[in-house]
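The structure under discussion appears below in the form of structure tokens.
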Amino acid sequence: MTKKIFAIIIATLICASFVFSASAYTQQYVIDYADKLSSSEIEELNLFAEELESAYGVTVLFCITEGTGDVTADEFSSKTYGDYTDNENGLIIVHDDWNKMYSVFTTGNADEALTDAAVDSMKDAYDLNESYYGGIYAYYELAEEYLENGYSGGYVYESEEFVYAGEAQTENE
């Protein structure tokens, strides 16, 4: 009898450990195959992206890589998106740092707010920063702007300013 009770207790503890380890999983939104970011930077950017997904139901991923291996850039971005999320509404921009090129994969209703023009301005925001972290942060700031308000067709990110219809406006205006 005591062996059965002991076995039940051990089985319960093992099951509980699986529950805790599964709940410790965190979604990755920033994939850094090129090792350009610190773990704390990735963690902070992941929190920003997680808040976007919670608020708008759209997954916004960013990947830095140094080449795409034996597949095309488009295949790489599509596969990477599928490897990191199962959300049908989302976007990933893959920056191939080695080849200095981008590939984009958009799915579901993400393209309503994150149009081609919006994605281009998000890539510009990334490019105009001096650090990988600053660029990805600017990318997520614009993603938030577009998801919240829709893409108006006029915002272009230029360092610390947004330019709209030819007029410079600071973020505080």
Side-chain angles (χ1 to χ4, degrees), residues 27-34 36-38 41-68 72-85 87-173:
Q27 167 75 40
Q28 278 189 277
Y29 298 90
V30 176
I31 303 105
D32 183 12
Y33 292 131
K36 302 294 183 182
L37 301 165
S38 70
E41 289 173 328
I42 291 172
E43 184 178 326
E44 187 176 327
L45 293 166
N46 279 333
L47 287 173
F48 193 164
E50 184 176 13
E51 291 172 5
L52 289 179
E53 185 174 40
S54 294
Y56 304 104
V58 175
T59 301
V60 181
L61 303 177
F62 194 92
C63 176
I64 305 170
T65 188
E66 291 182 342
T68 59
T72 68
D74 290 338
E75 291 170 330
F76 185 86
S77 60
S78 172
K79 181 176 178 351
T80 303
Y81 183 87
D83 287 348
Y84 284 89
T85 185
N87 189 348
E88 295 177 5
N89 303 308
L91 162 80
I92 184 171
I93 292 180
V94 175
H95 176 222
D96 182 345
D97 198 45
W98 181 264
N99 295 308
K100 305 297 183 213
M101 59 183 280
Y102 293 95
S103 59
V104 177
F105 175 75
T106 306
T107 183
N109 66 11
D111 61 353
E112 291 174 18
L114 303 175
T115 63
D116 289 344
V119 169
D120 286 345
S121 68
M122 292 162 63
K123 288 189 288 189
D124 290 343
Y126 171 78
D127 278 341
L128 290 171
N129 275 273
E130 294 180 13
S131 72
Y132 291 95
Y133 170 81
I136 297 170
Y137 195 88
Y139 163 79
Y140 279 121
E141 284 182 318
L142 279 181
E144 180 178 41
E145 172 81 17
Y146 298 147
L147 290 169
E148 183 177 339
N149 300 314
Y151 180 69
S152 66
Y155 284 107
V156 177
Y157 191 87
E158 289 188 3
S159 67
E160 295 298 318
E161 297 179 343
F162 287 103
V163 176
Y164 183 73
E167 291 182 40
Q169 297 178 350
T170 63
E171 291 181 19
N172 297 331
E173 289 182 351

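Values below: all heavy atoms of this structure, side chains included; hydrogens, waters and symmetry mates excluded.
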Report the C-alpha distance between T106 and L114 in whole Å, list the side-chain angles of each, state the deciding distance to 0.1 Å, and finish with yes or no for side chain to side chain contact (heavy atoms under 4.5 Å, CB included).
CA-CA 8 Å; T106 306; L114 303 175; 5.6 Å; no

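- Using a cut-off of 4.0 Å between Lys/Arg side-chain N and Asp/Glu carboxylate O, D83 and K79 are scored as salt-bridged.
- Although no hydrogens or angles enter the test, the distance criterion places no donor-acceptor pair under 3.5 Å between the side chain of S78 and the main chain of E75.
- For the pair K36 and E41, the salt-bridge criterion is not met [side-chain N within less than 4.0 Å of a carboxylate O].
- With T107 contributing its side chain and E88 its backbone, the two residues share a donor-acceptor pair below 3.5 Å.
- Considering only heavy atoms from C-beta on, Y140 comes within 4.5 Å of V30 through its side chain.
- Other residues, nucleotides and ligands contribute more than 12 heavy atoms inside 6.0 Å of the CG atom of D120.
- Considering N109, L52, N87, L91 as possible partners of V58, the one that fulfils the side chain to side chain contact (heavy atoms under 4.5 Å, CB included) test is N109.
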Could you go step by step and tell me if T59 and Y29 meet the side chain to side chain contact (heavy atoms under 4.5 Å, CB included) rule?
CA-CA 8 Å; T59 301; Y29 298 90; 4.0 Å; yes

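- A distance of 11.5 Å separates CD1 in I93 from CD1 in I64, rounded to the nearest 0.5 Å.
- The line from OG1 of T80 to CZ of F105 is 10.5 Å long, rounded to the nearest 0.5 Å.
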Before you tell me yes or no, could you show the steps for F62 and Y126 under ring pair (Phe, Tyr, Trp, His ring centres under 6.0 Å), namely the whole-Å CA-CA distance, both residues' side-chain angles and the distance that decides it to 0.1 Å?
CA-CA 10 Å; F62 194 92; Y126 171 78; 4.6 Å; yes

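- Residues L61 and Q27 approach most closely at CD2-NE2, 4.4 Å, considering heavy atoms.
- In plain terms, the two heavy atoms of D74 and S103 that are nearest each other are OD1-CB, 4.0 Å.
- A distance of 4.5 Å separates CG of N149 from CD of E145, quoted to the nearest 0.5 Å.
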Do I136 and F48 pass the side chain to side chain contact (heavy atoms under 4.5 Å, CB included) test, and can you show the C-alpha distance, the side-chain angles, and the key distance before you say yes or no?
CA-CA 10 Å; I136 297 170; F48 193 164; over 6 Å; no

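- For E112 (side chain) and L147 (main-chain N/O), no donor-acceptor pair under 3.5 Å exists by modelled atom type.
- Between C63 and I92, the closest heavy-atom pair is CB-CD1, 4.1 Å.
- Distance check, rounded to the nearest 0.5 Å: CD1 of I31 to OH of Y84 gives 5.5 Å.
- With values rounded to the nearest 0.5 angstrom, E148 atom CD is found 4.0 Å from Y56 atom OH.
- Formation of a donor-acceptor pair under 3.5 Å by the D96 side chain with backbone atoms of G67 is found in this model.
- A donor-acceptor contact closer than 3.5 angstrom is absent between the side chains of Y137 and N129.
- Remark: side-chain polar atoms of Y139 are not paired, donor with acceptor, to backbone N or O of D127 under 3.5 angstrom.
- Using modelled atom types and a 3.5 Å distance limit, the side chains of N46 and E50 yield no donor-acceptor pair.
- The side-chain heavy atoms of L37 and L45, taken from C-beta on, include a pair separated by under 4.5 Å.
- E44 and Y133 share a donor-acceptor pair across their side chains, judged by distance under 3.5 Å alone.
- Residues G134 and S131 share a closest heavy-atom pair of N-OG, 2.8 Å.
- Taking the ring-ring contact (aromatic ring centres under 6.0 Å, His included) definition, one finds that Y33 meets it with nothing, sequence neighbours left out.
- Note that NZ of K100 and NE2 of H95 are 5.5 Å apart. Values are rounded to the nearest 0.5 Å.
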